[in-house]
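All figures in this text were calculated on a predicted structure; none of them were measured in a lab. All values below were derived from every heavy atom in this structure, side-chain atoms included, with hydrogens, water molecules and symmetry-related copies excluded. Proteins get letters first, then strands, A, B, ... in listed order; numbering begins at 1 in each.
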Number of protein chains: 2
Amino acid sequence: MTAINIAGKLGLVSEHWSPKIVASFNGHDVMVVKVKGEFVWHSHADTDDFFYVVKGNLTLRLRDRDVLLGPGDLYIVPKGVEHCPVAAEEVHLLLIEPPGTPNTGDPATAAVKTRI
Amino acid sequence: MTAINIAGKLGLVSEHWSPKIVASFNGHDVMVVKVKGEFVWHSHADTDDFFYVVKGNLTLRLRDRDVLLGPGDLYIVPKGVEHCPVAAEEVHLLLIEPPGTPNTGDPATAAVKTRI
């Protein structure tokens, strides 16, 4: 394995809300994703959700408040906590989740995660 | 929890090679650290080692090659693989490891990790 440049990997991504796997770490997928617009409210019963903002400004709506994230900001949504990511303009993120975690919280509507 | 600004957390750190915990994720500590100079050769038998470079240039010496990492670069050292981080100038890193992982590979010489 060589160095993985996160911005370079993001440059390979065109679709929004479609996480791409760039590395594996202790049974987790390390992923990049571009997002824009409002996602769906969801939660993950079995895993925390790791968000690190590479570029742009993301609002993580929680049921009791909004968390505003800018470049270089990290937020961990605890497992079971409902959240809805919203991006007025395109945002680039680094995500970490166990393989097979549905990005929508529902396998029926989840994006298929491929490796780049 | 509010947004965790990684650069802001790094601004609270003065010592080198002394990781500080900034968040918890799925049984792991998410940490920031400033490093400068040459560390010790070591490995972790039970965990991969997650390195993300926030600032500066890091060389990860492996037994068979050097991996050069710049800002925005990620590298996962697989568990059991010997490595020696080297930084000619100060480097700022985001690290992820299970709690209690000795940064030197040896509990006798490891830094005590506190939360900031």
Side-chain angles (χ1 to χ4, degrees), chain A residues 1-11 21-32 44-55 57-60 62 64-81 83 85 92-99 101 116, chain B residues 1-11 21-32 44-55 57-60 62 64-81 83 85 92-99 101 116:
Chain A
M1 195 171 82
T2 57
I4 297 165
N5 183 260
I6 295 301
K9 291 292 190 183
L10 280 158
I21 301 165
V22 299
S24 298
F25 168 72
N26 280 359
H28 292 75
D29 289 332
V30 182
M31 298 170 290
V32 296
H44 308 286
D46 300 321
T47 181
D48 299 336
D49 218 357
F50 179 107
F51 290 84
Y52 177 78
V53 177
V54 175
K55 183 177 174 184
N57 292 287
L58 182 75
T59 299
L60 272 178
L62 307 179
D64 62 347
R65 68 191 188 284
D66 288 352
V67 179
L68 307 179
L69 302 175
D73 282 349
L74 170 75
Y75 193 82
I76 313 289
V77 180
K79 62 181 170 186
V81 171
H83 55 288
H92 297 186
L93 299 170
L94 184 68
L95 304 176
I96 309 178
E97 287 176 337
T101 301
I116 60 173
Chain B
M1 194 171 80
T2 57
I4 297 166
N5 183 259
I6 296 302
K9 290 292 189 183
L10 280 157
I21 300 164
V22 299
S24 299
F25 168 72
N26 280 1
H28 292 75
D29 289 332
V30 182
M31 298 172 289
V32 296
H44 309 286
D46 300 319
T47 181
D48 300 334
D49 218 357
F50 179 107
F51 290 84
Y52 176 78
V53 177
V54 176
K55 184 178 173 184
N57 292 287
L58 183 74
T59 299
L60 273 178
L62 307 179
D64 62 346
R65 69 191 189 283
D66 289 351
V67 179
L68 307 180
L69 302 174
D73 282 349
L74 169 76
Y75 193 82
I76 313 289
V77 180
K79 62 182 171 186
V81 171
H83 55 286
H92 297 186
L93 299 171
L94 183 69
L95 304 176
I96 309 178
E97 287 176 337
T101 302
I116 59 174

>> If you count heavy-atom pairs within less than 4.5 Å of chain A, which of B/Val54, B/Leu60, B/Leu94, B/Thr2 leads?
In response: B/Thr2

>> Against B/Phe25, only a single residue in A/Phe25, A/Phe50, A/Tyr52 fulfils ring pair (Phe, Tyr, Trp, His ring centres under 6.0 Å); can you say which?
In response: A/Phe50

> More than 12 non-hydrogen atoms from neighbouring residues, nucleotides or ligands closer than 6.0 Å to CG on B/Asp66, yes or no?
Replying inline: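 Atom CG in B/Asp66 is crowded, with more than 12 foreign heavy atoms closer than 6.0 Å.
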
> If you take all heavy atoms of A/Leu68 and B/Ala3, which pair is closest and at what distance?
Replying inline: O-CB, 3.5 Å

>> Quick check on side-chain contact (heavy atoms from CB on, under 4.5 Å): which of B/Asn5, B/Val32, B/Ile6 does A/Leu74 satisfy it with?
In response: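 In the set B/Asn5, B/Val32, B/Ile6, the residue that makes a side-chain contact (heavy atoms from CB on, under 4.5 Å) with A/Leu74 is B/Ile6.
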
> Among B/Val30, B/Asn26, B/Ile96, which residue meets the side-chain contact (heavy atoms from CB on, under 4.5 Å) test with A/Ile96?
Replying inline: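 Filter result, single survivor: B/Ile96.
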
> What's the spacing between A/His28 NE2 and B/Asp48 CG if we round to 0.5 Å?
Replying inline: 11.0 Å

> With a 4.5 angstrom heavy-atom cut-off, which part of A/Pro78 approaches chain B: side chain, backbone, both or neither?
Replying inline: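 Neither part.
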
> Which bit of A/Val53 is near chain B, if near means a heavy-atom gap under 4.5 Å: side chain, backbone, both or neither?
Replying inline: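 Contact with chain B is absent: no heavy atom of A/Val53 under 4.5 Å.
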
>> So for B/Thr47, is it side chain, backbone, both, or neither that comes closer than 4.5 Å to the heavy atoms of chain A?
In response: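 Both backbone and side chain.
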
